[in-house]
Amino acid sequence: DILKKTLKKAEEEDLTSFNHIPVDGTIKKAYNNLHNIITEKETDLLLEYYNGEEIEEEKLEKLHRSVKKFMENEKLCENEKISLLKRIKKEFTKTEQDKIPLNDIEARKMKGKRGNFKYAYNMQSAVDSETGLICAITISQSPTDHYELPSIVTKAINNIGKKPEYVSADTIYLTLANLNYLDNLG
């Protein structure tokens, strides 16, 4: 793994001792907009439609514009559309969201820094404070950073090959679960 080799070389060359690893998260916008969505009801309706069931024309006319475009998309054959709709159906079950983005079905609706909502991913990073070298990056579907600390710190420790003396993070990470995790690290 290139990252591990780079971090090991940095320590061997005495560029860093990885004593302090700050952690931070950011929301990264997915390739989708808030209007390019499908509801669970629409998903069920399209699955019925593509499985040959008769659907009232009135119901098809009431579909979101993005869903109509999905139906008209000639780049996808019917089997590909059915397969995608089944994956979307699983996302509804897994996430309990009321809408799923059509272009990036694994993205989640998250609140941005300006209070606006968008479909996005939560990216966490752990960086060496001495050199600025990235020690680890994780991507999750969690809309907040509250419970992301253990995964990013564990990955950083795995990549640098040792526990840092200090881990710092902003107050959004201040939860009992995270404090217990850090306490158990020693």
Side-chain angles (χ1 to χ4, degrees), residues 1-34 36-38 40 84 86-186:
D1 179 54
I2 294 171
L3 178 59
K4 286 182 182 179
K5 288 178 184 177
T6 302
L7 296 171
K8 184 176 181 175
K9 185 70 172 170
E11 190 170 29
E12 287 172 359
E13 297 292 326
D14 287 327
L15 298 173
T16 185
S17 55
F18 298 112
N19 283 331
H20 178 205
I21 304 294
V23 171
D24 199 10
T26 190
I27 300 296
K28 287 294 181 190
K29 187 178 183 311
Y31 180 68
N32 204 77
N33 68 47
L34 289 174
N36 191 27
I37 50 92
I38 188 168
E40 188 168 12
L84 181 57
K86 286 179 179 178
R87 288 179 45 223
I88 290 170
K89 184 69 176 167
K90 284 182 185 175
E91 290 297 319
F92 279 117
T93 304
K94 195 166 66 174
T95 67
E96 299 180 10
Q97 291 191 121
D98 61 340
K99 297 172 187 139
I100 298 287
L102 280 167
N103 284 352
D104 194 344
I105 67 171
E106 294 175 342
R108 299 293 174 256
K109 196 171 188 179
M110 298 183 190
K111 195 172 191 176
K113 288 187 181 198
R114 291 184 230 135
N116 58 325
F117 284 93
K118 55 187 165 187
Y119 286 101
Y121 292 92
N122 187 340
M123 185 175 94
Q124 301 292 312
S125 60
V127 179
D128 174 54
S129 67
E130 292 177 64
T131 61
L133 285 170
I134 296 170
C135 299
I137 291 190
T138 61
I139 305 291
S140 81
Q141 297 168 318
S142 176
T144 71
D145 295 337
H146 290 94
Y147 302 102
E148 299 300 310
L149 191 73
S151 63
I152 189 65
V153 172
T154 298
K155 190 169 185 179
I157 290 169
N158 182 45
N159 288 344
I160 63 178
K162 67 180 209 173
K163 295 178 194 172
E165 192 172 334
Y166 303 101
V167 172
S168 60
D170 58 28
T171 57
I172 194 83
Y173 297 91
L174 186 57
T175 67
L176 186 56
N178 288 339
L179 291 174
N180 286 334
Y181 167 79
L182 292 171
D183 189 44
N184 290 334
L185 270 180

Under the criterion side chain to side chain contact (heavy atoms under 4.5 Å, CB included), which of R87, E91, K90 is the partner of I100?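 Of the listed residues R87, E91, K90, the side chain to side chain contact (heavy atoms under 4.5 Å, CB included) partner of I100 is E91.
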
Out of the candidates D145, N122, I152, only one should pair with S140 under the side chain to side chain contact (heavy atoms under 4.5 Å, CB included) rule; please name it.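 With S140 as partner, side chain to side chain contact (heavy atoms under 4.5 Å, CB included) holds for just one option, N122.
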
When you measure from the side chain of [X] to the backbone N and O of [Y], does any donor-acceptor pair fall under 3.5 Å?
| X | Y | result |
| --- | --- | --- |
| N184 | N180 | yes |
| T154 | S151 | no |
| K163 | L185 | yes |
| N178 | Y173 | yes |
| S129 | H20 | yes |
| K118 | L34 | no |
| Q97 | K109 | yes |
| K29 | N32 | yes |

So I38 and I105, do their side chains get closer than 4.5 Å, heavy atoms only? no

With the side chain counted from C-beta on, respond yes when K4 and N158 share a heavy-atom pair under 4.5 Å apart, and no when they do not. yes

For atom [atom1] of [X], is the number of surrounding heavy atoms from other residues, nucleotides or ligands below 6.0 Å larger than 12?
| X | atom1 | value |
| --- | --- | --- |
| K162 | NZ | yes |
| E12 | CD | yes |
| L84 | CG | yes |
| K9 | NZ | no |

Just how far is it from atom [atom1] of [X] to atom [atom2] of [Y], taken to the nearest 0.5 Å?
| X | Y | atom1 | atom2 | result |
| --- | --- | --- | --- | --- |
| I139 | E148 | CD1 | CD | 10.0 Å |
| I172 | T144 | CD1 | OG1 | 6.0 Å |
| L7 | T131 | CG | OG1 | 8.0 Å |
| E11 | D128 | CD | CG | 9.5 Å |
| T171 | H146 | OG1 | NE2 | 8.5 Å |
| I27 | N116 | CD1 | CG | 10.5 Å |

Any ion pair linking E40 and K89 (charged N to carboxylate O, less than 4.0 Å)?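 Looking at E40 together with K89, the answer is yes, because their closest N to O distance falls below 4.0 Å.
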
Taking all atoms of both residues into account, what is the closest heavy-atom pair of [X] and [Y], and its distance?
| X | Y | value |
| --- | --- | --- |
| F18 | I21 | CD2-CD1, 4.2 Å |
| A156 | A126 | CB-CB, 3.9 Å |
| T95 | R108 | CG2-NH2, 2.9 Å |
| N159 | D1 | OD1-OD2, 4.4 Å |
| Q141 | M110 | O-CE, 3.4 Å |
| V167 | P164 | CG2-CG, 3.8 Å |

Using distance alone, with no hydrogens and no angle criterion, decide if E130 and S17 have a side-chain donor and acceptor under 3.5 Å apart.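 Yes, because at least one side-chain N or O of E130 sits under 3.5 Å from a partner of the opposite role on S17.
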
So, N103 and Y119: side-chain donor and acceptor under 3.5 Å apart, yes or no?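 Result is no, nothing qualifies.
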
